[in-house]
**Q** 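Take this structure, written in structure tokens, and hold onto it; I'll ask about it next.
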Amino acid sequence: MRRGSIVQLIAIGVVIGACATVVALLIPWLPPDASEERDGIDLVFWFTTAISIAIFSLVGAVIIYSVLKFRARPDDDSDGAPIHGHTGLEIVWTTVPAILVTAISVISGVVLVENDHAASNALNVNVTARQFAWTFSYPKQGNLTSAVLRLPVGRSVVLHLQALDVIHSFWVPEFGQKEDAVPGQNTSLVITPTKIGTYPVICTELCGLGHALMRTSAIVMQPADFEAWARQEQQALKGPPGNAGKAVFTSNGCASCHTLKAAGATGKVGPDLDKLPDYAKQAGKPLADFVKESIVDPNAYVQPGFPKSVMPPFSTLPADQLDALVQFLVQSSQGG
Ligand code: CUA
């Protein structure tokens, strides 16, 4: 190969690499960084992007150079020269990708292990995934539950993931970390939020018809605000049964599927809970028993006109919260 050709190839490669780098750097591809763990995840992203830009420049340079230099004349219908194999080239294009892929996996492994370290004062949150809702419970905060993930800023958090039906996946883009919730397995995820704000919680595993709707929010707050919220929620759970039941209703995301005037809920996926007395009559069961059964074993009786097997069993609700919820539903549906 002539020296002039090599200079031309390199020049074309540099131009392509520069263009690709500008596109990679100037467009904000990644969401804002809101956790300590995001740094490592971003490092893996940029490492892979740099490798991709280098390979893209090399391939692009060879293609453009070939198109320009080896173009056949319009009247040239002859076959190209017969070429078979090139051992040196084959060794190079096998070895280089093997080294690059190994490097990516080593860096990813190191980052994942690093990101799995939780501080000793970590906040534990149990995350329950079901079709199609997230529930978060705080064992050290009186077992209070919430449909929204609230976290204090600057403190390491361990999320213990659990799935009740099929595989779901927990992801907050701004936190970077992602983990599957698998039925029958205990998986966990460490997150240390660094910025106050509200971020989307997204299910990233296709889990059924409502997959795209399986979203909620993660709210990162000042530690004092978090403590105040936890205290207030605990008090609501301990308060008069009506208030406690309403708190359970709200914190378990019932409102996303059901209508209930007393809770200001307007969901349309499941039966209208203001009509519970009518439904109980149709099912031929006493109202309170009917309501309780419908919460812990929703498929025992499905109101005609509504799809079967859509409501997940809320059988993990603590007994006192279940009783408060039943009482609240019975009273409010009777207009009390
Ligand atoms: Cu749960 Cu997708």
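Every number for a ligand or one of its atoms is a count from 1 in the order of the listing.
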**Q** Indicate if Leu164 and Leu213 have the same hydrophobic cluster label, given that clusters are the connected sets of ILVMFWY residues with side-chain heavy-atom separations under 4.5 angstrom.
**A** no
**Q** Any ion pair linking Glu174 and Arg38 (charged N to carboxylate O, less than 4.0 Å)?
**A** no
**Q** Rounded to the nearest 0.5 Å, what separation is found between the CD atom of Gln131 and the CG atom of Asp165?
**A** 4.0 Å
**Q** Which residues and atoms, counting only protein N, O or S, are under 2.8 Å from atom 1 (Cu) of ligand 1?
**A**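 Hits for atom 1 (Cu) of ligand 1 below 2.8 Å: His168 ND1, Cys203 SG, Cys207 SG, Met214 SD.
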**Q** Do the side-chain N and O atoms of Gln234 and Gln141 include a donor-acceptor pair separated by under 3.5 angstrom?
**A**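 No.
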**Q** Could you give the distance from CD (Glu233) to CG (Asn143), rounded to the nearest 0.5 Å?
**A**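 Glu233 CD to Asn143 CG: 13.0 Å, rounded to 0.5 Å.
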**Q** When rounded to the nearest 0.5 angstrom, what is the spacing between CG in Asn115 and OG in Ser35?
**A**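 It comes to 7.5 Å.
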